[in-house]
Amino acid sequence: MNITSIIFIIVSFLAAPILPGLINKTKALFGGRQGPRVLQLYYDIFKLARKTPTYSKTASALTRIAPVAIAVSTLAALTLVPSFFNNSAIHFTGDIILMAYLLGLGRFFMVTAALDRGSAFEGMGASREVLYSALAEPSFFAGLLIMIHETASLELSEIFSKLSLNFWQENPAILFLILCSWFVILLVENARIPIDDPNTHLELTMIHEVMILDYGAKDLALIEYASALKLWIYSALIVGMVINGEIITSLTMQIAIFTLGMAIVAFVIGTIESITARIKLVFIPKFIVGSGALAIIALILKVAGN
Amino acid sequence: MSTLWLIILFPILTGIVTLFTDSHKIRKILLIVCSVLHIVFTAFICLGSITPTTESWFCTDALSKIFLSLTSLLYFGASLYALTYLKPDEEGEHVSDFHDLSFLRNKNAVFMGCMQFFLSAMTLSVLSAHFGLQWIGVEATTLASTPLIYHHRNKKSLEAAWKYLIICSVGIALALMGVFFLAMAVPTQVEFFTPRGLSKFAGYLRTDWLQVAFIFILVGYGTKVGFAPMHTWLPDAHSEAPSPASALLSGALLNCALLAILRVYQVCAEVPAVQALALQLFILFGLVSMAISGIFIMHQADYKRMLAYSSVEHMGIMIFAFGLGKAATAAALFHAICHSLVKSSLFMLAGNILSAYQTKKVEKIHGLLRTMPITSVLWLAGFLAITGTPPFGTFMSEFSILKVAVESRNYLFGALYLLFLVLVFVGMLTIFSTMALGKKMPVNSEGQPIGYKDPELRKDGTVYEHPLQYITPIVFLAAALFLGCYIPEPVLQIINEASAILGGKAL
Amino acid sequence: MNNIATLLALTSLFLLGSSRLSLAINMVAFQGFLIGILPLVSGHGFTLEVLILAATGIIMKSIALPHMLRKALEKSGTKREVEPYISFGASILSGILLLFVSGWIVSRLTQDEGIVSSSLIAGFFLLFTGLFTIITRKKALTQALGFLVLENGVYTAGLSLGSEFSFMVELGILLDVFVGIFLMGIMLFHIDNEFDHIDTDRFDALSDLELPDLELLNGNVLNLDQELDEEEGAE
Amino acid sequence: MDLFLSAVVAIFVGGIIALFTGKWRGVSNFFGAFSCFLGTIFALKPIYDVLIANKTLEAITIALPICSASVSLDKISAFFALPIVILGFISAYFAAVTVNPRNEQHPGAYWFFYNLLIAGMLSLVASSNAVLFIMSWEIMSVAAYFLIAHRVEMNTARNAAWQFLVASHIGTTGIFFLFAILASAAGGFQFETFHSSALAEGSAAVIFFLALFGFGVKVGFFPLHIWMPDSYTFAESHVSAVLSGAMSKMGFYGLIRVLTFLPVHAELWGWVLLFGGLITGIYALVIALVKLDLKKVISYSSMENAGIILMAIGTGILANRWNQPLIAFTAFSGALLHIFNHALCKGLLFLCAGSVYFATGTRRQEQMGGIGKSMPVTATAFGIASIAISGLPPFNNFISEFLIFMSGLKAASLSTPKSLLLSAAVLLGLGLIGGLAAALFTRSFGLVFLGTPRTNRRLNTKNIKSDVNFTLIILSAAIIAASIFAPMLISPFAGVVSEIVKPLGITYDPAYIATISAPVKTISLFSLAVILITCIAVFIKSKFLDKNQRSDAPTWDCGFLKGTPRIQYTSSSFSEPANEVFVSVNRLHIRGEKIKELFPAKSSFHTEATDSAEKHLFIPAFNIINKFLIMFRGFQHGKLHLYIFYIAVTLLALLIWKVVY
């Protein structure tokens, strides 16, 4: 754990809620609206944190524990993310698996908490969430597999730093395919359009939002914050994968480029959300599996290239 | 006159007395006295105190000893069991009623008398060395056991007895033909027409005649042993006979006939060409018997028939093992011992169930564990024993047979052998678990079952079980269990000795 | 010896062709007589033992047993063997075929010795005829007769091979055969009493054609889902 | 070794005493359970000696009828004895407090077979002789059969037991055959002699596939798993815990043991195990998702974990083949660790299910709900077990899956296409399996323990047995301990691994232990931290932040005003999206009318989910076999003259075939 990673964690900790703001801003831009402020989520979180919670009669202790567990596991995952193209706070062989599964732990709590209130709608969201994330998992690993094969390294930060410029030049198609598939995973895991529409008002079509229908106050604040953090983590992964940090030597430059990268990711997400509609629920599994197929095509290309 | 004649003749005497005694009690006493005496004689023979004076008629080698002691032991068990199994005489059943030749009137007297004749016949066939004498013994077993099968005197038992008599007589007549041919195989007049006597002419035996003789004898006695496809009488007779008789038929009689084949094989083993033929046929008949019995044990509707088919299967296993030779020979002999013990107990237990439920249909019996606790526990134990589940003795023999099959590179035979064993296992498991487990019988307000024939239930919902009904099975099954864990030295020695007689290796 | 063998073969053929049971019994009785005198003409000399054996054989096979079978026949009131599985004409033809088969087998068996023993052929032929009778006829009585013929065949073959055992054994064999057929005779009476006929083709109560209705044997035993309710009921 | 054997004997004798004191319920219970406690505790000492203290125990020779057999405890045996001892102890306690007070059951028989099962398994792992091995194997199977059928009143239990024993016996024939081949090649039944025997390559392959078949039945290798869900479901829960947690592990023991006899492991075997395991794992989960019976779900999850373990073993074999000792070492360690961890988790899950069953009298998830409030300990235990079994941090199963992942990742850094295929199978497969397992167990946990009861007549709080909570707490604690102290398990298990590959002539660098311990250490610390931080945060939140909380509101019902418990999501609706995806494998059979009118009358609707392997493979196969066998029944038609005809034909055929012709 060095100073860079501490800075990174602090920055992430503080800046995570900006990303949804940026996305919303982009969407507003496309829609020709002024839109909410970039820092809107901060306001929301602070507002919620001041309120006292109200629970359903049906809710058990799990409803109370879950937000904390979700936040803790997401934060724990954050410590494993490469900090500004450098080593992550905690890094070891196979750390990415721990990261993926820590996010999975958060999901476990999210889903079971949704079932805790005995609401039909929340159960519905939960049932969708578990399936989509289960399907997304293999394509995540497929992308990872190619990068490991290329870099012969098992630590996330090392993998990213070893993805040399050469690789970009020689195999742009492969990297692009991985990028696409990981981006889809980002959309799936963070409940973005075209998978899920957080802003819809029809509960029947929701996935993520419907699971937290019953939460309010501090709990909701924690969950919203954890969600933003999760989006941050995924974006950081994509930025880390795309941008070769080796050639940028100074920390300030790294931070600057990283920030720029994150903004671009947010912009891209916003753009996608603006120009696409939410796809029909029955097509979502195909969509996710399709993204996995991209990664597998990349894998085949890689093998053929050898 | 050899003292050995005594052991053959005294059961005939007691049998005749039994046949003409009106008192059920005295007949019972005679039955037991006869069996005890027989055991005593057998013990003397096994210990070597009684030996044949000349070689011409009898021999008491290890093979005879094994089968004789099995016969004696099973007979003792069966007679103990018969004491409770036979109902007292009905009114008007007198012994001395010879009216219109319709056989003796008193069922019990005939049954007990014939049991003793049967014992005598079996003893004769086991002890005799002379092939002619042996044939007489085997044929006599058929004759003595036919009335046993006809004990219930109804249509089915009559049918079974008729089939038994005709099929076995035909078979044994063929065997007689074989015995004649066997005599032809020897170029000169022999002094002793016994296995040892013929073996002295080892180099001069005529292959052709010996082969024909062997085929006739194998088919002939094989009918009596119950090799498929000559086994057809066996399920009928075993299922219709009263249980003590079934126990004897299956546990002792089949062995006697098997021994007759083995005696001929002893001669055949002297000529390599014939030996090869014999072993081939042994394996063939063994596998066919196992397959056929497996097929009929699956989907079997009648539990006594199932046990009968299981006898076919085990005879198949034994002859298969003899066909493999080497250590499998000893294993087969060991298997014969275990099988006799287990199968006779199973028949006795089947008798208990039959007398409680009055039906032999598997589908009509459920939840025996509730109604007949002791019988059903033994019934399940018997199932495990008969299917060769460790630690019963049958497992040891079946596994050693498999090992020999693999060792001699008969992989296909080994695989078929296992396949048929599985088939039998599944079939038997189906029947035993249907009967022992499952729902108990529905009962009416008085606690008596509805919709079943009518076992008389006591207050606690069980059927009364007389100690004599289960003491023999307990002892026999315990013995089979014990043999699976430890074979006492004398038993092992005698098995190995017998195996050596047949050209096999030690266990 | 050859003459007797021929006679034996002829009686057998006759047996195959006749539908009248009493005639068949007489034929078998005659056969018994022929076989009884066979040891006398086979050239082993007239020892006392041979004479006793011959006498016993004749008494048993041509007098006692046929007498008993006749009684059984009278009692059952049956006269003819009707509708055998193979008609009488065809039976005779098959008989002739069997005769050839016996001849062939015997010639193959004795090719080393170079002699073809006619009585051995007769023995085989009787054996086959006996089997054939049991297989193709329906009446229990005919089956008993068939067995007797078969037994005669074995005996003839044994004599022709000259494989003689000691007196005692021969006597024992005779006794066994006698008791066997005697038993069959007794059972014929019982069959008649129980069934009012002696047709063995109706003897098929004991078979394995019937399938049990066991839950464990239908394929659904593998699928236990639907049985949840039963168990909950029991709790 | 004396101590171990006397433990086995003690357990066995205790069972016999319990059998004969069956009339006095308490006495029987005491002897049965107490001998189990005593035996398992005694057995721990030799296991400790071998596994951790690195002692070698002196073998003891026993005389058997056809050979003399020796009993010894090497590292592999000791390792596999662990789950038996742990679950044997805990389930005995569970049984002592729950089952036997019930009147209709005969406690003597129960204890006899229970103790026989435990003793049989212990002697199985200790036997270093083929005959003794098979004997123990069969005794174990038979004892398990009677335990499954123990509720004799129930046809379902009987049928399940039937399935079990048939499957087990068919598998055992494979084991018979393979040991017969080994014994005839080696000329003896002792395991030592097997090592030195020169086997042809062909027979080694035959032996391997026979082992895969024979032991595959026990572990639930697709499609040989068919008996497994039913047997585990219809047995008493604590029996299921032992069956799934310990007995199915004996299948792995056998497989691994046989692998040590074979001088070379072919590459093909590795692929078969890898892809077989993969299919097993995914298939199990896909089917489990349509199953509505709580215990059936848990049973299928056993099969899934078997798939994972087989994948790991396959990876190990392949890596050994490719001279990648580190990868092989990682994979084998992962496999062993997973065996151990799975035993703990599965035991806990089944015991929880049992505890739920006592309270509700049903296993149907559709009818449960909200049990957590009245059974908090069970709910917590089940929650922990659910997280663990889904392979999520911070619990132990994650760590073992992590090691298997590691072997896949490491294989990815090799440059051959084959290794890429291997790592793709491991990574993608485990990823999917993990995700589906999470889906499965969130469903079970959520629908059984959370929400409100779906039917109000269920859940009789009187029936809740708080006595059993002890076992649940112990196992939960064991899971947590195994997560936190996982690095300490690596080095004893590494000893087991090196024993597995020793016959191949491979020795692993001792430094490997450190190599794989390093990340595991980090993860354990991480786990500890996550658990602690969460606990502290929850504590702070509940103490300080939730002060004025209200919990009297109804659940938000989106404007649907008449929310009832029945409107909750059910088990089948929860898994409906998933089933849609895998519909070709787990098609539901729907019975019932479709609603046509606007105001429909009362109608019923029923779905039934069968295992596809069962429906499309085994039931048709059984029917074909049945029909084939029935074809021959005409042979015994009852016609005497044809019977004689058989004899005549046989005679003539033999004469013509052998002599005259």
Side-chain angles (χ1 to χ4, degrees), chain B residues 162-163 166-167 170-171 174 208 211-212 215-216 218-219 223 229-230 232-233 235 277 281 292 295-296 298-299 331 334 367 369-370 384 389-391 393 395-396 399-400 402-403 405-407 414-415 418-419 421-422 425-426 429-430 433-434 436-440 483-487 492 507, chain D residues 63-66 106 109 130-131 134-139 141-142 145-146 149 152-155 157-159 161-162 165-166 169-170 172-174 176-177 179-181 183-184 187 189 206 625-626 629-633 635-636 638 640 642-644 646-651 654-655 658-660:
Chain B
W162 178 257
K163 283 177 177 168
I166 294 282
I167 296 175
V170 167
L174 295 179
D208 286 1
Q211 277 183 339
V212 178
I215 286 176
F216 267 92
L218 183 63
V219 172
T223 309
M230 294 91 74
T232 43
W233 61 272
L277 169 81
L281 289 182
I292 292 276
I295 288 167
F296 284 94
M298 273 313 270
H299 306 111
F334 183 57
L369 275 172
R370 286 274 179 270
L384 295 177
T389 312
F395 161 74
M396 287 297 167
F399 186 67
S400 348
L402 175 71
K403 193 195 156 214
V406 171
E407 232 164 28
L418 276 180
L419 177 73
L421 281 182
V422 167
F425 183 88
V426 174
L429 175 65
T430 306
S433 45
T434 302
L437 309 174
K439 282 201 168 58
K440 65 180 162 204
L483 284 176
C485 302
Y486 173 72
I487 307 180
L492 189 65
L507 193 65
Chain D
L64 285 180
I66 53 176
H106 189 270
V131 179
I134 294 178
M135 278 177 77
S136 314
W137 181 266
E138 283 275 77
I139 288 171
S141 303
V142 168
Y145 166 79
F146 284 107
V152 288
E153 292 295 299
M154 286 173 194
N155 283 354
R158 178 196 70 190
N159 295 359
W162 181 87
L165 198 56
V166 168
H169 198 82
I170 291 174
T172 308
T173 52
F176 266 43
F177 212 91
F179 275 117
I181 296 176
S184 61
F189 289 108
V206 169
I625 294 172
N626 265 353
L629 293 181
I630 287 171
M631 253 168 48
F632 290 97
R633 296 191 78 77
F635 189 83
Q636 188 85 11
L640 175 58
L642 284 181
Y643 290 168
I644 303 281
Y646 298 157
I647 299 179
V649 166
T650 313
L651 180 69
L654 289 183
L655 275 181
K658 272 300 163 196
V659 181
V660 183

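Chain letters run A, B, ... following the sequence lines, proteins first, then strands; residues in each count from 1. Worth knowing before you read on, the calculation uses all heavy atoms, side chains too, and leaves out hydrogens, waters and symmetry mates.
- Remark: D/H169 engages no residue in a side-chain hydrogen bond (donor to acceptor under 3.5 Å, both in side chains) (not counting sequence neighbours).
- Chosen from D/F146, D/F632, D/F177, the residue pairing most often with chain B at heavy-atom distances under 4.5 Å is D/F177.
- Only the backbone of D/A63 comes within contact range of chain B, with at least one heavy atom under 4.5 Å from a heavy atom of that chain.
- No other option in B/I487, B/L418, B/L218 has as many heavy-atom pairs under 4.5 Å with chain D as B/L418.
- Atom OG1 in D/T173 sits 9.5 Å away from atom CG in B/L421 (nearest 0.5 Å).
- In terms of heavy-atom pairs under 4.5 angstrom with chain B, the leader among D/S184, D/P65, D/S136 is D/P65.
- Rounding to the nearest 0.5 angstrom, the gap separating the OG1 atom in B/T232 from the OH atom in D/Y646 is 7.5 Å.
- Heavy atoms of B/L483 lying under 4.5 Å from chain D belong exclusively to its backbone.
- B/K403 places no side-chain N or O within 3.5 Å of a backbone atom of D/F179 that could act as its donor or acceptor partner.
- Looking at B/T223, the atoms closer than 4.5 Å to chain D (heavy atoms on both sides) all sit in the side chain, from C-beta outward.
- With a 4.5 Å cut-off on non-hydrogen atoms, D/L651 touches chain B through its backbone and its side chain both.
- No option in B/V422, B/L429, B/T430 other than B/L429 meets the side-chain contact (heavy atoms from CB on, under 4.5 Å) test with D/V166.
- B/L174 contributes atom CG, which lies 10.0 Å from atom OG1 of D/T650 (distance to the nearest 0.5 angstrom).
- Using a 4.5 Å cut-off between heavy atoms, B/F216 touches chain D through backbone and side chain atoms alike.
- When heavy atoms are compared at a cutoff of 4.5 Å, B/V406 approaches chain D by way of both its backbone and its side chain.
- The part of B/V170 that comes within reach of chain D is its side chain, from C-beta onward, which places non-hydrogen atoms under 4.5 angstrom from that chain.
- Heavy atoms of B/A436 lying under 4.5 Å from chain D are absent altogether.
- Only the backbone of B/Y486 comes within contact range of chain D, with heavy atoms under 4.5 Å apart.
- In terms of heavy-atom pairs under 4.5 Å with chain B, the best-connected choice from D/A149, D/A648, D/G638 is D/G638.
- Atom CG of D/L165 is separated from atom CZ of B/F425 by 4.0 Å, given to the nearest 0.5 angstrom.
- Note that OG1 of B/T434 and CG of D/N159 are 8.0 Å apart. Values are rounded to the nearest 0.5 Å.
- Of all the listed residues (B/H299, B/M298, B/M396, B/M230), the one sharing the greatest number of non-hydrogen pairs under 4.5 Å with chain D is B/H299.
- The aromatic rings of B/F399 and D/F176 sit perpendicular, their planes meeting at an angle over 60°, well past the 30° parallel limit.
- Looking at D/L642, there are no atoms closer than 4.5 Å to chain B (heavy atoms on both sides), in backbone or side chain.
- Atom CD1 of residue B/I295 and atom CZ of residue D/R633 lie 9.0 Å apart, to the nearest 0.5 angstrom.
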May I have the step-by-step check of side chain to side chain contact (heavy atoms under 4.5 Å, CB included) for B/W233 and D/L640, ending in yes or no?
CA-CA 9 Å; B/W233 61 272; D/L640 175 58; over 6 Å; no
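- Smallest separation of non-hydrogen atoms from B/P390 and D/I139: O-CG1, 3.9 Å.
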